[in-house]
2 protein chains.
Amino acid sequence: MTTQDRSTAATFAKGMAVLAAFDGSAPALTLADIARATGQDRAAARRGALTLVQLGFLTQSGRAFALTPKVLTLAAGYLRANHFGHRVQPVLNRHAAQLEAEIVLAAREGTEVLLLAQSTLASGPVSFGFTPGSRLPLLHTSLGRMLLALEPDPGPLAEAAELPRHTERSLGSRAEVLASVAEARAAGFAETDGEFESGIVGYAVPVSAPGAAGLVVGTSMPRGSDGEAALRALRLCAAELRQSGVGVG
Amino acid sequence: MTTQDRSTAATFAKGMAVLAAFDGSAPALTLADIARATGQDRAAARRGALTLVQLGFLTQSGRAFALTPKVLTLAAGYLRANHFGHRVQPVLNRHAAQLEAEIVLAAREGTEVLLLAQSTLASGPVSFGFTPGSRLPLLHTSLGRMLLALEPDPGPLAEAAELPRHTERSLGSRAEVLASVAEARAAGFAETDGEFESGIVGYAVPVSAPGAAGLVVGTSMPRGSDGEAALRALRLCAAELRQSGVGVG
DNA sequence: ATCTTTTGTGCGATATACGCACAATCGTCA
DNA sequence: TGACGATTGTGCGTATATCGCACAAAAGAT
């Protein structure tokens with residue numbers, strides 16, 4: 001018999017699992033989908049979904065439930081509290097325009113890379129169609145390598161993260177990945193060549209000061225592009241973000 | 001004695017109120033702040049906040065609680081399900097670059113304008129520092145006027161929305177606002193001059209086809225700028241968004 | 001038309017969550 | 001540094017909110 005934790009609300013946690021089930025991999029979910037995704041009894045999943053409809057976060061059409069734009073307001077709380085509109089986005093935009101390539105700001109969330117912000121361009125060489133909140137793999141991206149390099153002990157994370165083969169150049173073992181992470185730590189930047197997408201080189205540098213929450217900026221470009229220019233731009237971008245207080249709060 | 005609604009989960013709803021209390025107006029909230037903002041008993045607010053910490057959406061430092069970037073993943077579900085990264089952002093970026101002014105995509109949420117996406121520039125004449133999920137006033141912005149124009153019956157909404165005086169040019173009565181809304185409906189575009197920010201003219205045009213969920217695109221520029229060019233760009237942008245299926249799902 | 005899957009709904013049981021009270025801690029101010 | 005006010009942690013009795021099940025109905029697929 002498990003001891004009941006009376007300092008949290010289990011029903012709220014179950015409801016959040018329902019909300020999290022809407023990860024965008026399908027345009028809509030049915031009650032049966034939600035119950036399967038969350039492992040909850042169908043009636044409990046239904047109560048969660050109907051609560052979200054009542055609050056305006058989900059809309060129901062026949063059997064299908066879909067997120068409404070109102071969920072964006074939950075994210076806006078973070079973006080606003082951390083001055084993303086005033087301090088982060090303009091810096092990313094300026095450096096991306098100068099580099100003529102998309103620049104993203106990312107953090108680690110569990111065993112994945114989480115995109116916090118990016119400056120996308122009208123026409124750039126590479127665009128993955130990601131948005132704030134998108135998750136990327138931790139082991140085969142330059143962002144992930146740099147984030148792991150910022151961890152005091154990346155071993156358990158590397159062990160827990162998935163190791164799929166995105167391309168034929170994807171490193172195939174966790175030991176190889178950790179060696180690459182150690183190189184990034186020593187060099188102060190991470191570089192991956194075609195491990196996540198064929199023909200695309202990724203660069204990432206740290207934003208956060210040592211000891212602070214791990215934040216990195218990165219960019220991607222076709223193999224053969226000017227890597228030195230990319231690193232220069234990323235370092236300037238990172239320095240400017242540090243100066244404006246990002247990640248210190 | 002109130003009849004208990006057994007098809008929803010009141011504890012989940014209370015928890016969501018705790019999450020929504022983190023609207024970004026302060027970098028962090030205390031338990032007392034949360035209880036005040038939500039009107040809940042302090043112990044209930046505490047259980048909600050600790051549940052969010054347990055799930056990774058809040059972090060606690062001393063007495064202060066703050067959102068973590070993980071809340072972005074909740075928004076990403078909507079953005080991904082609606083193909084914002086692939087179909088919306090590139091269109092906004094292209095037209096914003098051409099117009100050399102920021103373009104935003106917005107919907108109505110309750111009695112406010114809700115920003116869904118925007119293309120921000122490295123250097124543009126106007127930038128408010130908004131992000132996806134930001135809320136704007138309904139009555140004194142061109143976005144809000146256009147959204148009201150798309151409603152079958154805007155009267156009750158205009159009645160319920162706040163009517164603050166942002167500038168000395170802000171329309172002072174709901175009747176004046178509704179007259180302006182009727183003009184926008186007839187003209188097919190909304191224009192506001194310095195009602196929300198002094199010296200700034202706002203333009204907005206509808207994206208959604210009649211009958212679909214109200215979506216508009218808009219831009220802002222200093223008074224004296226080329227309004228015709230702005231409207232041309234917004235119309236092209238809206239047409240391209242319609243073509244790519246935005247707001248139809 | 002049939003079959004399978006999904007959903008709506010009622011309900012008895014009980015576990016969860018409620019709110020209160022008390023003590024401890026923290027922050028502010030003089 | 002001490003006093004005071006505000007905030008927080010915690011235990012707990014109570015009740016109600018939620019649980020999950022079962023049955024019937026509806027919807028979708030073939």
Side-chain angles (χ1 to χ4, degrees), chain A residues 1-23 25-68 77 81 249, chain B residues 1-23 25-68 77 81 249:
Chain A
M1 189 253 282
T2 69
T3 305
Q4 181 189 328
D5 179 1
R6 303 174 84 161
S7 60
T8 59
T11 302
F12 179 27
K14 288 176 73 170
M16 289 302 292
V18 170
L19 181 55
F22 288 84
D23 64 2
S25 56
L29 296 177
T30 64
L31 288 174
D33 292 330
I34 297 165
R36 274 194 292 273
T38 58
Q40 293 174 14
D41 180 86
R42 188 175 57 72
R46 179 173 186 268
R47 285 191 293 272
L50 291 185
T51 305
L52 289 167
V53 171
Q54 183 181 70
L55 297 176
F57 293 107
L58 282 184
T59 183
Q60 177 175 13
S61 177
R63 288 182 161 193
F65 291 82
L67 286 170
T68 70
Chain B
M1 188 254 282
T2 71
T3 305
Q4 182 188 330
D5 179 2
R6 302 176 85 157
S7 61
T8 58
T11 302
F12 179 25
K14 288 176 74 171
M16 289 302 293
V18 170
L19 180 55
F22 287 84
D23 64 2
S25 56
L29 296 177
T30 63
L31 287 174
D33 291 330
I34 297 166
R36 272 193 294 273
T38 58
Q40 294 174 13
D41 180 85
R42 188 175 57 73
R46 178 172 187 265
R47 284 191 295 270
L50 291 185
T51 305
L52 289 167
V53 171
Q54 182 182 70
L55 297 176
F57 292 106
L58 284 183
T59 182
Q60 178 175 11
S61 176
R63 289 180 160 194
F65 292 82
L67 287 170
T68 70

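Note: hydrogens, waters and symmetry copies are ignored here, and every other heavy atom, side chains too, is used. From a predicted model like this one, the values you see are computed outputs, not experimental measurements. Quick note on labels: first sequence line is chain A, next is B, and so on, each numbered from 1.
Here CG of Leu58(A) is found 6.5 Å from CD1 of Ile34(A). Values are rounded to the nearest 0.5 Å.
Taking both residues in full, the closest heavy atoms of Arg47(A) and Thr51(A) are given as O-OG1, 2.6 Å, listed atom of the first, atom of the second, then distance. Across all their heavy atoms, Leu31(B) and Ala49(B) have their closest contact at CD2-CB, 3.9 Å.
Along DNA chain C, the nucleotide nearest to Phe65(A) and the one nearest to Phe12(A) differ in position, and the one closer to the 5' end is contacted by Phe65(A). Of the residues near DNA chain C, Ala10(A) and Arg46(A), the one whose nearest nucleotide (by heavy atom distance) lies more toward the 5' end is Arg46(A).
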Annotated protein contacts, base or backbone, on nucleotides 20-30 of chain D with a non-hydrogen cut-off under 4.0 Å, one of B, S, - each: BBB---BSS--

Side chain to side chain contact (heavy atoms under 4.5 Å, CB included) assessment of Leu19(B) paired with Leu67(B): CA-CA 9 Å; Leu19(B) 180 55; Leu67(B) 287 170; 3.8 Å; yes

Chi angles and distances behind the side chain to side chain contact (heavy atoms under 4.5 Å, CB included) call for Val18(A), Phe57(A): CA-CA 11 Å; Val18(A) 170; Phe57(A) 293 107; over 6 Å; no

Evaluation steps, side chain to side chain contact (heavy atoms under 4.5 Å, CB included), between Arg46(A) and Ser7(B): CA-CA 8 Å; Arg46(A) 179 173 186 268; Ser7(B) 61; 4.3 Å; yes

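The Ala32(B) side chain lies nearest to dT7(D) when the options are dA17(C), dT10(D), dT7(D).
Within 4.0 Å (heavy atoms only), Thr8(B) reaches sugar-phosphate atoms of the nucleic acid but no base atom.
As rounded to whole Å, 13 Å separates atom P of dG11(D) from atom CG of Leu50(B). Remark: P of dG19(C) and CG of Leu31(B) are 15 Å apart, rounded to the nearest angstrom.
With hydrogens and angles ignored, no donor-acceptor pair closer than 3.5 Å exists between the side chain of Arg6(A) and the base of dT10(D).
Neither OP1 nor OP2 of dT9(C) sits under 4.0 Å from any side-chain N or O of Ser7(B).
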